[in-house]
Amino acid sequence: QVQLVESGGGLVQAGGSRGLSCAASGTIFSIAVMGWYRQAPGKQRELVATITSGGTTNYADSVKDRLTISRDNAKNTVHLQMNRLKPEDTAVYYCNVVHYRLGLKREDYWGQGTQVTVSS
């Protein structure tokens, strides 16, 4: 059983910066991937960025060069640094973890979501 706690959401002006963090705790054997997804009003949830335990990153085209994902494997924490924010970045951001238990059993966990609002 793994718990995810997100922090860092809030209101920010367009062009500003903000950082999101997600910490995993509980019974952890191996976290293969950590990432962030977001859901804007009236839209489907979409991938923002992911990072593997080896450091390989993947970004949505809409956030490349503005958002940076990183992780601390020792602390089981993932961070999303958001720069030059735009109003279209407004959404609820969800932390996602791909966890493997003993025996190669995959489990996916989701955070409760944190609201990011970018004003014009």
Side-chain angles (χ1 to χ4, degrees):
Q1 189 174 0
V2 178
Q3 278 189 284
L4 305 179
V5 179
E6 301 151 317
S7 62
L11 178 65
V12 61
Q13 295 268 35
S17 300
R18 201 164 187 90
L20 303 181
S21 294
C22 176
S25 62
T27 305
I28 299 174
F29 177 69
S30 179
I31 295 178
V33 184
M34 303 187 80
W36 290 93
Y37 293 71
R38 68 186 182 187
Q39 187 168 21
K43 296 184 178 180
Q44 297 294 315
R45 187 175 299 185
E46 64 176 357
L47 180 147
V48 177
T50 62
I51 183 168
T52 69
S53 60
T56 301
T57 58
N58 181 42
Y59 294 93
D61 289 339
S62 60
V63 304
K64 286 183 177 178
D65 302 319
R66 297 190 300 113
L67 277 61
T68 302
I69 189 169
S70 61
R71 66 186 289 175
D72 186 333
N73 290 334
K75 297 181 178 180
N76 294 315
T77 300
V78 63
H79 181 77
L80 184 69
Q81 181 61 45
M82 304 183 293
N83 299 319
R84 294 183 287 127
L85 285 165
K86 305 175 181 179
E88 48 262 46
D89 293 318
T90 296
V92 177
Y93 285 71
Y94 297 90
C95 178
N96 170 253
V97 166
V98 178
H99 175 249
Y100 284 89
R101 298 173 60 189
L102 287 171
L104 302 180
K105 184 177 181 179
R106 173 174 172 167
E107 298 177 333
D108 279 26
Y109 292 90
W110 293 88
Q112 78 283 0
T114 183
Q115 176 71 47
V116 175
T117 302
V118 184
S119 62
S120 301

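We're numbering straight along the sequence, starting at 1. Values in this document were obtained by computation on a predicted structure and should not be read as measured data. Just so it is clear, the values below take in all heavy atoms, side chains as well, and ignore hydrogens, waters and symmetry mates.
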So the salt bridge (Lys or Arg N to Asp or Glu O under 4.0 Å) pairs with at least one residue in residues 35-58 (sequence neighbours excluded) are Arg38-Glu46, Arg38-Asp89
If two hydrophobic side chains count as joined below 4.5 Å and joins carry through other members, does Trp36 share a cluster with Val33? no
Are more than 12 heavy atoms from other residues, nucleotides or ligands located less than 6.0 Å from atom CD of Gln44? no
Do side-chain atoms of Arg66 reach the backbone of Arg84 as a donor and acceptor pair under 3.5 angstrom? yes
Taking all non-hydrogen atoms of both residues into account, name the closest pair between Met34 and Val97 and its distance. CE-CG2, 3.7 Å
Other residues, nucleotides and ligands only: do more than 12 of their heavy atoms fall within 6.0 Å of CD on Gln3? no
Count the heavy atoms belonging to other residues, nucleotides or ligands that lie under 6.0 Å from CD of Gln112, then report whether that count exceeds 12. yes
I want to check something: taking the side chain as every heavy atom from C-beta on, are Asn58 and Leu47 in contact at a cut-off of under 4.5 Å? yes
Under a 3.5 Å distance rule, please check whether Arg71 uses its side chain to pair with a backbone N or O of Ile51 as donor and acceptor. yes
Closest non-hydrogen atom pair between Val48 and Tyr93, with its separation: CG2-CE2, 4.2 Å
Tell me whether Glu6 contacts the main-chain N or O of Ser21 through its side chain, where contact means a donor paired with an acceptor under 3.5 Å. no
Using a 4.5 Å cut-off on heavy atoms from C-beta on, say whether the side chain of Tyr109 contacts that of Cys95. no
Please check if the side chain of Thr90 supplies one atom and the backbone of Val118 the other of a donor-acceptor pair under 3.5 Å. yes
Please check: side-chain N/O of Arg101 versus main-chain N/O of Phe29, any donor-acceptor pairing under 3.5 Å? no
Distance-minimising heavy-atom pair for Gly35 and Ile69: CA-CD1, 4.0 Å
Nearest heavy-atom contact between Ala24 and Ile31 is CB-CD1, 4.0 Å
Do Gln81 and Ser70 make a side-chain contact, defined as non-hydrogen atoms from C-beta onward lying under 4.5 Å apart? no
Got a sec: does the CG of Asp108 have more than 12 other heavy atoms crowding it under 6.0 Å? yes
By ring-ring contact (aromatic ring centres under 6.0 Å, His included) - contacts of Tyr94 (at least two apart): none
Do Val92 and Leu4 land in one hydrophobic cluster if side-chain heavy atoms of ILVMFWY residues count as linked below 4.5 Å? no
Quick one: does Ile28's side chain get under 4.5 Å of His99's, heavy atoms only? yes
List for me each residue that meets salt bridge (Lys or Arg N to Asp or Glu O under 4.0 Å) alongside Lys75, sequence neighbours excluded, and say none if there are none. none
Side chain of Thr114, backbone of Gly9: donor and acceptor closer than 3.5 Å? yes
Side chain to side chain, Thr68 and Met82, heavy atoms closer than 4.5 Å: no
Of all heavy-atom pairs linking Ala14 and Pro87, the shortest is CB-CD, 4.2 Å
Heavy-atom check, side chain of Val12 versus side chain of Ser119, under 4.5 Å: no
Rounded to the nearest 0.5 Å, what separation is found between the CG atom of Asn76 and the OG atom of Ser25? 9.0 Å
Side chain proximity check, Val2 to Thr27, heavy atoms < 4.5 angstrom: no
Working note: Asp72 + Thr77, criterion side-chain hydrogen bond (donor to acceptor under 3.5 Å, both in side chains); need CA distance, chi angles, decisive distance, verdict. CA-CA 5 Å; Asp72 186 333; Thr77 300; over 6 Å; no
Considering non-hydrogen atoms only, spot the tightest contact between His79 and Leu20 and give its length. ND1-O, 2.9 Å
